[in-house]
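Notes follow once the structure below has been shown.
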Amino acid sequence: MINRRKFIKGTVASIAGASVASSSLANNLAAKAAPKATRKPVVISTWRHGMPANEAAIKVLKAKGKAIDAVEQGVRVPEADPNVMTVGYGGYPDRDGHVTLDACIQDEHGNCGSVTFLEGIKHPISVARMVMDKTPHVMLSGAGALQFALENGFKKENLLTPKAEKAWKEWRKKSNYEPVINIENHDTISMLALDSNGDISGACTTSGMAYKMHGRVGDSPIIGAGLFCDNEVGGAAATGQGELVMKTLGSFLVVELMRNGMSPQEACEEAVMRIVKKIPDYKKSQIGYIAINKAGETGAYCLHRGFDYALTTEDKHELIDADHYIK
Ligand code: ASP
């Protein structure tokens with residue numbers, strides 16, 4: 001297991017000088033309330049595998065590329081890395097030994113694409129992008145998603161690496177399904193970017209919970225749950241036990257809270273509090289949110305200590321410990 005703490009750490013801080021004006025739900029004042037951009041471009045993503053992913057994304061943004069291209073290019077990095085065992089190629093399989101992938105993407109116009117329960121394709125995020133760009137639909141699943149990918153030039157590959165297969169065989173000895181907090185048997189990459197044009201997009205891709213039931217789909221490919229962007233307001237994304245995020249429609253909630261005047265940090269905290277209030281056994285799970293607004297302010301919050309996120313601007317590239325609810 002990788003020791004996240006070997007990396008540079010900072011503290012969660014909001015950007016001085018930028019403030020979010022209050023607005024009322026009824027009047028939907030998001031456009032007026034959005035503070036002026038104080039910094040751009042900005043990329044934020046979940047966990048330490050966000051560091052190399054952000055590097056790829058900021059390259060696109062520094063060349064005046066679009067946020068949607070940056071997030072796609074960014075999350076492709078951990079998707080292709082066999083040592084990241086929670087995303088794409090090399091991901092842990094489900095309990096029956098299948099690596100099944102979930103991903104979604106959303107652009108500055110609110111267009112979105114998603115794939116769920118996809119097997120054999122290394123870059124589900126790019127299939128999701130193609131669903132968005134080339135079909136009248138938002139989500140393709142399972143065999144249909146694979147068929148669509150193959151028809152559009154993606155190659156079928158075996159994504160189960162010897163390392164992941166070995167871990168699965170070890171797990172099968174007891175077959176005990178108990179996701180362990182911060183033990184990296186899940187850890188999606190979710191990424192949000194603000195480009196130099198001031199547009200926001202997001203992407204989210206995962207192999208889901210290790211040893212999940214065959215057919216289980218989490219929050220990560222669900223627009224509004226694992227990811228949500230509204231270019232008037234900002235974007236939000238989630239990681240952790242997806243069932244809790246789905247029950248509270250977490251990313252949509254974070255964006256709506258920002259629409260109504262909260263900073264990204266306050267909105268992430270409130271969305272975690274919603275889980276605390278609504279889900280009795282929340283302590284058994286880890287959940288982390290990240291968020292960004294039109295000003296380039298960012299926030300992150302989680303249930304348990306141990307969630308970190310990568311934050312990259314033109315002159316900074318840091319891995320930061322998110323503040324947590326359970327102290
Ligand atoms: N949210 C993912 C899922 O439930 C896993 C994670 O991000 O840790 O599939």
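None of the values given here were measured: they were computed from a predicted structure. Remember, it's 1-based here, ligands and their atoms both numbered in the order they're listed.
By the 4.0 Å N-to-carboxylate-O rule, Lys169 lies close enough to Glu165 to be salt-bridged with it. Contact check on Arg216 versus Glu243 returns a salt bridge, with a Lys/Arg side-chain nitrogen under 4.0 Å from an Asp/Glu carboxylate oxygen. Remark: Arg259 engages Glu256 in a salt bridge, criterion side-chain N to carboxylate O under 4.0 Å.
Among residues two or more places apart in sequence or in another chain, the ring pair (Phe, Tyr, Trp, His ring centres under 6.0 Å) test is passed with His214 by His98, Phe117.
In terms of polar-atom proximity, defined here as any N/O pair under 3.5 Å, Thr206 makes no such contact with ligand 1. Note: no N/O pair closer than 3.5 Å links Glu243 and ligand 1 by distance alone. In terms of N/O distances under 3.5 Å, ligand 1 is approached by Thr239. Residue-to-ligand polar distances keep Ala238 apart from ligand 1: every N/O pair is separated by 3.5 Å or more.
Remark: distances from the non-hydrogen atoms of Arg216 to ligand 1 include one below 4.0 Å.
Distances from atom 5 (C) of ligand 1 to the heavy atoms of Ala225, Gly218, Gly226, Gly240 put Gly240 nearest.
One hydrophobic cluster holds both Val84 and Ile189 under the rule that ILVMFWY side chains link at heavy-atom gaps under 4.5 Å.
Numbered from 1 in the order shown, with element, the atoms of ligand 1 that lie under 4.0 Å from a heavy atom of Gly208 read 9 (O). Of all atoms in ligand 1, listed by their number and element, those nearer than 4.0 Å to a heavy atom of Asp219 are 1 (N), 2 (C), 3 (C), 4 (O). Remark: ligand 1 atoms within the under-4.0 Å shell around heavy atoms of Ser220 are 1 (N), 2 (C). Within ligand 1, the atoms closer than 4.0 Å to a non-hydrogen atom of Thr188 are 1 (N), 2 (C), 5 (C), 6 (C), 7 (O), 8 (O), numbered from 1 in the order shown.
Checked against a 6.0 Å centroid threshold, the rings of Tyr301 and Tyr289 do not count as neighbours.
Here the straight-line distance linking atom CZ of Arg172 with atom OH of Tyr211 works out to 11.0 Å at 0.5 Å rounding.
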